[in-house]
Amino acid sequence: EVYHILNRANARVQIFDNDKDYLDFEKILQEAVEKFSMRLLAYCIMPNHWHLVVYPRQDGDLAKFMGWLSNTHTRRWHVTKNTTGQGHLYQGRYKSFICQQDDHFITLMLYVERNAKKAGLCKLAQDWRWSSIWRRENGSVEQAEILAEWPVDMPKNYLMLVNEDQKAEEDKLIDTTIEKSNPYGNTDWVSRIVKKFGLEQTLRGVGRPKNK
């Protein structure tokens, strides 16, 4: 299944202060992708959090990948900042949810890759250096190689779409899936995934996604 992953800094303090901080995380991300043969579909690194969209090959790969990524980044970050032994870098365990491989997937990719633009960090989504869309549009062939092929065809007007504002209802629904870790897709698909993975608790207190 395709997963959207999010993790934030402890107390939402800034993790990435300069280019080196971002580059160090990208290096660790690439190491993790290679070490665990993880399909990385998208990412966006923000000053105090980051988003990943990944497509594990086997059961158990996600936990191993994320455990190594988070622990390695925490350890190296503390060494760089001379703060070893001074507490947690992240606010807790990463948040994740499964995404249906249809139009919901495209909506999710737009959400992740326009994150920096939405936050006012760049005028165009593809201008944010610390993201997958920058790698695809502006990076070298070698830089783009870290990114795996999407399981859904990219719309021909994707660049135009990613630089438009996300619809409020889509934004709210994805924010809810982040908070509750409930699957993101149409009603029938969500029901199947909930049963398959025993995720009934993720739907308590929230409405199910509407059909698209």
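Note that this is a predicted model, so its numbers are computed, not measured. Along the sequence shown, the residues carry numbers beginning at 1.
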* Within residues 161-183 or reaching into it, pairs that qualify as ring pair (Phe, Tyr, Trp, His ring centres under 6.0 Å) - sequence neighbours excluded ->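 Not a single pair qualifies under ring pair (Phe, Tyr, Trp, His ring centres under 6.0 Å).
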
Check: [Y] and [X] side chains under 4.5 Å, non-hydrogen atoms:
{"X": "Y184", "Y": "F97", "result": "yes"}
{"X": "I15", "Y": "P47", "result": "no"}
{"X": "L199", "Y": "I193", "result": "yes"}
{"X": "E169", "Y": "L173", "result": "no"}
{"X": "L40", "Y": "L29", "result": "yes"}
{"X": "I106", "Y": "P155", "result": "yes"}
{"X": "V53", "Y": "V2", "result": "yes"}
{"X": "D21", "Y": "Q14", "result": "no"}

* Sequence neighbours excluded, which residues qualify as salt bridge (Lys or Arg N to Asp or Glu O under 4.0 Å) partners of D19? ->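 By the salt bridge (Lys or Arg N to Asp or Glu O under 4.0 Å) rule, D19 matches no residue at all.
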
* **salt bridge (Lys or Arg N to Asp or Glu O under 4.0 Å) partners of K196, counting only residues at least two apart** =>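 For K196 the salt bridge (Lys or Arg N to Asp or Glu O under 4.0 Å) partners, ignoring immediate neighbours, are E1.
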
side-chain contact (heavy atoms from CB on, under 4.5 Å) against [X], all qualifying residues, sequence neighbours excluded:
{"X": "D165", "answer": "K117"}
{"X": "K20", "answer": "N18, D24, T80"}
{"X": "L159", "answer": "Q126, I133, E137, V162"}
{"X": "D153", "answer": "none"}

* Would you please say whether a donor-acceptor pair under 3.5 Å links the side chains of Y43 and N115? =>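 No, no side-chain donor-acceptor pair sits under 3.5 Å.
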
* Not counting sequence neighbours, list each pair that qualifies as a salt bridge (Lys or Arg N to Asp or Glu O under 4.0 Å) and has a residue in residues 105-116. =>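 Every salt bridge (Lys or Arg N to Asp or Glu O under 4.0 Å) pair that includes a residue of residues 105-116, provided the two are not neighbours, is E113-R136.
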
* **Of all pairs that satisfy salt bridge (Lys or Arg N to Asp or Glu O under 4.0 Å), the ones with a partner from residues 31-50, not counting sequence neighbours** =>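 Qualifying pairs: E31-R76.
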
* Would you say the side-chain atoms of T177 pair up with the backbone N or O of P183, donor to acceptor, closer than 3.5 Å? ->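 Pair absent, no side-chain N/O of T177 close to backbone of P183.
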
Please list every donor-acceptor pair under 3.5 Å in which a side-chain atom of residues 56-65 meets a protein atom from a residue at least two apart or in another chain.
from : atom 1 : to  : atom 2 : distance (Å)
R57  : NE     : S37 : O      : 2.8
R57  : NE     : S37 : OG     : 3.1
D61  : OD2    : Q58 : N      : 3.1

Looking at every non-hydrogen atom in both residues, tell me the closest pair between [X] and [Y] and how far apart they are.
{"X": "Q100", "Y": "N186", "result": "OE1-N, 2.8 Å"}
{"X": "G185", "Y": "V190", "result": "O-CG2, 3.5 Å"}
{"X": "N163", "Y": "L124", "result": "OD1-CA, 3.3 Å"}
{"X": "L6", "Y": "H49", "result": "CD1-CD2, 3.5 Å"}
{"X": "C44", "Y": "W128", "result": "SG-CD1, 3.9 Å"}

How many angstroms lie between atom [atom1] of [X] and atom [atom2] of [Y], to the nearest 0.5 angstrom?
{"X": "T107", "Y": "K167", "atom1": "OG1", "atom2": "NZ", "answer": "8.0 Å"}
{"X": "E26", "Y": "H73", "atom1": "CD", "atom2": "NE2", "answer": "11.0 Å"}
{"X": "N7", "Y": "K95", "atom1": "CG", "atom2": "NZ", "answer": "9.5 Å"}

* To do: Sequence neighbours left out, what passes side chain to side chain donor-acceptor pair (under 3.5 Å) with D171? Give chain and number order.
  =>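 Side chain to side chain donor-acceptor pair (under 3.5 Å) list for D171, sorted by chain: K118.
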
Name the atoms and distances for all side-chain donor-acceptor pairs under 3.5 Å in residues 143-151, with sequence neighbours left out.
from : atom 1 : to   : atom 2 : distance (Å)
Q143 : OE1    : S140 : N      : 2.8
Q143 : OE1    : S140 : OG     : 3.4
W150 : NE1    : L41  : O      : 3.3

* Kindly indicate, with the supporting measurements, whether the criterion salt bridge (Lys or Arg N to Asp or Glu O under 4.0 Å) is fulfilled by E142 and R135. => CA-CA 9 Å; E142 292 75 17; R135 286 203 177 214; over 6 Å; no

* **Reference residue W130; test ring-ring contact (aromatic ring centres under 6.0 Å, His included); the match among Y22, W50, F16** =>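 That would be Y22.
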
* Parallel, tilted or perpendicular: ring planes of H4 versus Y111, cut at 30 and 60 degrees ->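 Geometry flag for Y111 against H4: perpendicular rings.
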
